[in-house]
Amino acid sequence: MQYQSQAVAKPYFIAALGLFVAQVLFGLIMGLQYVVGDFLFPHIPFNVARMVHTNALIVWLLMGFMGATYYLVPEESERELHSPKLALALFWIFLVAAALTVVGYLAVPYATLAQITGNDLLPTMGREFLEQPTITKIGIVVVALGFLYNITLTVLKGRKTAISSVLLIGLWGLALFFLFSFYNPHNLVKDKFYWWFVVHLWVEGVWELILAAILGFVLIRITGVDREVIDKWIYVIITLALVTGIIGTGHHFYWIGTPEFWQLWGGVFSALEPIPFFAMTLFAFNMVNRRRREHPNRAATLWALGTGVMAFLGAGVWGFLHTLAPVNYYTHGTQITAAHGHMAFYGAYVMVVLTIISYAMPQMRGRAANSNASLVVEMWGFWLMTVAMVFITLFLTGAGILQVWLQRVSATPSPFMVVQEQVALFYWMREWSGVVFLLGLIAYLASFFVKGRENAVA
Amino acid sequence: MSTSFSTSSARNVFYGGTAFFVLLFAALVFQSESETPKRDRREMLAANPQIAAGKRIWEDNNCIGCHSLLGEGAYFAPELGNVVDRFGGGEEGKAAVKAFIQSRPPEGISDRRSMPQFNLGERQLNEIADFLEYASKIDTAKWPPSIQG
């Protein structure tokens, strides 16, 4: 660690991992509710567990992005953060707001939460992934603005690099598109249309810039490849990402009351969305193959390569699987979507955050890499979680294919709940894969506490 | 990558390409907005304020946390974009939807998924039923493929 202020990343990473644990535990609750319908009912109904599962994911990824930014911007800019104190203050505000929101989800019925947080004044609640009370959303905007102010000043005052520019564009885009969460018209079609300006333009747009910047930063450090080469790859990847991803938004506009021209535009452009992810895979492997040094942190290298592969499979391949309108007509709103969502979020964004944590945490603890014993445990965590996620995705895909057939394609379509019971076997197998994922997460977390002889010095 | 393609040209392609496709997307959004009034049944919204009130009940009870609506949401419970039609259509369908919501046992159903009892009043039930009827009238390009959603 070259700059003192980089250390503010540490609480962000720790809190992110804490929320990751919560996310996975609530995922297991939901998975069980899929097969044991009355599990924890009516105390934690499915919709509440789902809010905690998805909102915890979003918040911990944002915390991971912020931690990554605070860690890498000083090094890129070759100066201390503009204000480490502000960074730390915003951390506590964000964490407390997130914790209070989760307590609100669990402690009172959602309608009561809407009432006591004044949803009547500016109704924004009750939409998928944007369930947070309006006041929490305002808090997110305040934290984001303070964060961007701090980072932008640091970047402007210091050395400008491709990595910091791309990261900054991604982060400003993230904040800008979040503002669409405050637009909630009565018109359901318009509501849904602009809802995607947050959701799609985040995960298939500006977040890919953040992903590429973080991955590029880690690859420069662990491979020693020239920055010039890495920068060029980053620009090519993000160009492909935005050229395909922006109009690719149209693949959400097939069946929600929007004009049918989107079927062609959305289909063609989103069918090209795997290309930037494939470029990312090539990028990671190429840089590691051309490495000029043997970095002792083999786990960070593994996470970086894993991000390339799993992002391509989850976001690229599983996205392509159902992105064309004639296919999506049958798969829209089934377990196929759930399968894609799980592997895409894990492969792209979870893994890139774990990549930077894997690289940066040992540095912040005063060493280039953890002991060999610790690395082995961390890599066990990598493989268990990654393989478990592959199986979760495969089982959900199996459930989805059967669901499409029984409920939609068959000459005598069966009712939703009848079909759910018929595919229960797949849900059980998904749940057991989830248990393996939890074991992998436990191994991963345990690796932070494994001592052993130290491998190398910083 | 070859050296003839420099980092600064890659950067320029990024800024130029992004700007072009942002503008093209903006043009498509504009076109979409101009065609949507033919499909989104906004005249129903204007004629019946209960629909907007029903949407608020939909949101305030986080219905999307279990159900999907026009295919979006959670996949734990049935699609509701066409539920009024599935339950018989028109007034009959709306009455069946209301009866279903009202009759959910507060303690759930042993071993099965069950919808919570939301204790909605008659007026709220009418509003949510009107909202779901409105959703069923939106032109979704013939989606879903079957009445089962």
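All heavy atoms count here, side chains included; hydrogens, waters and symmetry mates do not. Note that this is a predicted model, so its numbers are computed, not measured. Per chain, numbering begins at 1; letters A, B, ... match sequence-line order.
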Student: Please confirm whether the ring centroid of A:Y329 lies under 6.0 Å from the ring centroid of A:Y254.
Tutor: no
Student: Using non-hydrogen atoms only, which part of A:T334 is less than 4.5 Å away from chain B: side chain, backbone, both, or neither?
Tutor: backbone
Student: Between CD1 of B:I64 and CZ of A:R50, what distance do you get to the nearest 0.5 Å?
Tutor: 8.0 Å
Student: Just give me the residue among B:K55, B:E107, B:R41, B:M44 that pairs up with chain A most often, heavy atom to heavy atom, under 4.5 Å.
Tutor: B:K55
Student: Checking A:P259 against chain B: side chain, backbone, both or neither under 4.5 Å from a heavy atom?
Tutor: both
Student: Should the ring pair A:F193 and A:F197 be called parallel, tilted or perpendicular, given that the plane angle runs from 0 to 90° and is split at 30 and 60?
Tutor: tilted
Student: Check A:E228 with A:K232, please: is the shortest side-chain N to carboxylate O separation under 4.0 Å?
Tutor: no
Student: Does any backbone or side-chain atom of A:E421 lie under 4.5 Å from a heavy atom of chain B? Answer side chain, backbone, both or neither.
Tutor: side chain
Student: Identify which part of A:M51 has an atom lying under 4.5 Å from any heavy atom of chain B, answering side chain, backbone, both or neither.
Tutor: side chain
Student: Checking heavy atoms, do the side chain of A:Y105, its backbone, both or neither come under 4.5 Å from chain B?
Tutor: neither
Student: Counting only non-hydrogen atoms closer than 4.5 Å, does A:F39 touch chain B with its backbone (N, CA, C, O), its side chain (CB onward), both, or neither?
Tutor: neither
Student: So which residue, A:T258, A:D231, A:V36, ends up with the most heavy-atom pairs under 4.5 Å with chain B?
Tutor: A:T258
Student: Please give me the minimum heavy-atom distance between A:A114 and A:T117, naming the atom from each residue.
Tutor: O-OG1, 3.4 Å
Student: Which one wins on heavy-atom pair count under 4.5 Å against chain A: B:D40, B:I51, B:T7?
Tutor: B:T7
Student: What residues form a ring pair (Phe, Tyr, Trp, His ring centres under 6.0 Å) with A:F426, not counting sequence neighbours?
Tutor: none
Student: Need one label for A:S414: side chain, backbone, both or neither, based on atoms under 4.5 Å from any heavy atom in chain B.
Tutor: backbone
Student: Is A:N286 close to chain B through its backbone or its side chain, or both, or neither, when contacts mean heavy atoms under 4.5 Å?
Tutor: neither
Student: Which of residues 56-63 of chain B get closer than 4.5 angstrom to chain A, counting heavy atoms alone?
Tutor: B:R56, B:E59, B:D60, B:N61, B:N62
Student: Other residues, nucleotides and ligands only: do more than 12 of their heavy atoms fall within 6.0 Å of CD on A:Q115?
Tutor: no
Student: Calculate, to the nearest 0.5 Å, the distance between atoms CD and OG1 belonging to B:E72 and A:T337 respectively.
Tutor: 9.5 Å
Student: CZ of A:R227: more than 12 outside heavy atoms within 6.0 angstrom?
Tutor: yes
Student: About how many Å separate CG of B:L70 and CH2 of A:W255, when rounded to the nearest 0.5 Å?
Tutor: 12.5 Å
Student: Specify which of A:W265, A:Y330, A:F253 makes the most heavy-atom pairs with chain B at under 4.5 Å.
Tutor: A:W265
Student: Is the closest side-chain donor-acceptor distance between B:N126 and B:Q50 under 3.5 Å?
Tutor: no
Student: Let me confirm one number: the CZ-CZ distance from B:F118 to B:R104, rounded to the nearest 0.5 Å.
Tutor: 11.5 Å
Student: Quick one: which of B:P116, B:S8, B:S9 has the most heavy-atom pairs under 4.5 Å with chain A, could you say?
Tutor: B:P116
Student: Sort A:I234 into side chain, backbone, both or neither according to what part of it lies under 4.5 angstrom from a heavy atom of chain B.
Tutor: neither
Student: A:Q263 versus A:N328: any side-chain heavy-atom pair under 4.5 Å?
Tutor: no
Student: Side chain from CB out, backbone as N, CA, C, O: work out which of these in A:P185 comes under 4.5 Å of a heavy atom of chain B, or both, or neither.
Tutor: backbone
Student: Heavy atoms only: give me the nearest A:F46-B:A74 pair and the separation to one decimal.
Tutor: CE2-CB, 4.2 Å
Student: Inspect the contact between B:R86 and B:E79 and indicate whether a charged nitrogen and a carboxylate oxygen are less than 4.0 angstrom apart.
Tutor: no
Student: Is it true that a side-chain atom of A:E128 and a backbone atom of A:W195 form a donor plus acceptor pair closer than 3.5 Å?
Tutor: no
Student: Looking at CZ of B:F25 and CG of A:L201, how far apart are the two atoms once the value is rounded to the nearest 0.5 Å?
Tutor: 5.5 Å
Student: Flag the one option from B:A135, B:A52, B:G81 with the top tally of heavy-atom pairs under 4.5 Å to chain A.
Tutor: B:A52
Student: Which bit of A:P45 is near chain B, if near means a heavy-atom gap under 4.5 Å: side chain, backbone, both or neither?
Tutor: side chain
Student: Do the side-chain N and O atoms of B:Y134 and B:N48 include a donor-acceptor pair separated by under 3.5 angstrom?
Tutor: no
Student: Counting only pairs under 3.5 Å, give me each side-chain donor-acceptor contact of residues 235-242 of chain A, with atom names and distances, residues two or more places apart or in other chains.
Tutor:
from: A:T239; atom 1: OG1; to: A:Y235; atom 2: O; distance (Å): 2.6

Student: Any residues in residues 138-149 of chain B near chain A, with a heavy-atom distance under 4.5 Å, and which are they?
Tutor: B:I138, B:D139, B:T140, B:A141, B:K142, B:W143, B:P144, B:P145, B:S146, B:Q148, B:G149
Student: May I ask you to name which of B:S110, B:S68, B:G16 has the most heavy-atom pairs under 4.5 Å with chain A?
Tutor: B:S110
Student: With chain A, which of B:Y15, B:F76, B:F21 has the greatest number of heavy-atom pairs at distances under 4.5 Å?
Tutor: B:F76
Student: Using non-hydrogen atoms and a 4.5 Å limit, figure out which bit of A:L396 sits close to chain B: side chain, backbone, both or neither.
Tutor: neither
Student: What part of B:E33 gets within 4.5 angstrom of chain A, counting heavy atoms only: side chain, backbone, both, or neither?
Tutor: side chain
Student: Count the heavy-atom pairs under 4.5 Å between each of A:V404, A:N184, A:L113, A:T54 and chain B, then report the option with the highest count.
Tutor: A:N184
Student: Going from OG1 on B:T36 to CZ on B:R42, what distance comes out if it is rounded to the nearest 0.5 angstrom?
Tutor: 7.0 Å
Student: Who among A:G250, A:G333, A:P42 has the most heavy-atom pairs with chain B under 4.5 Å?
Tutor: A:G333
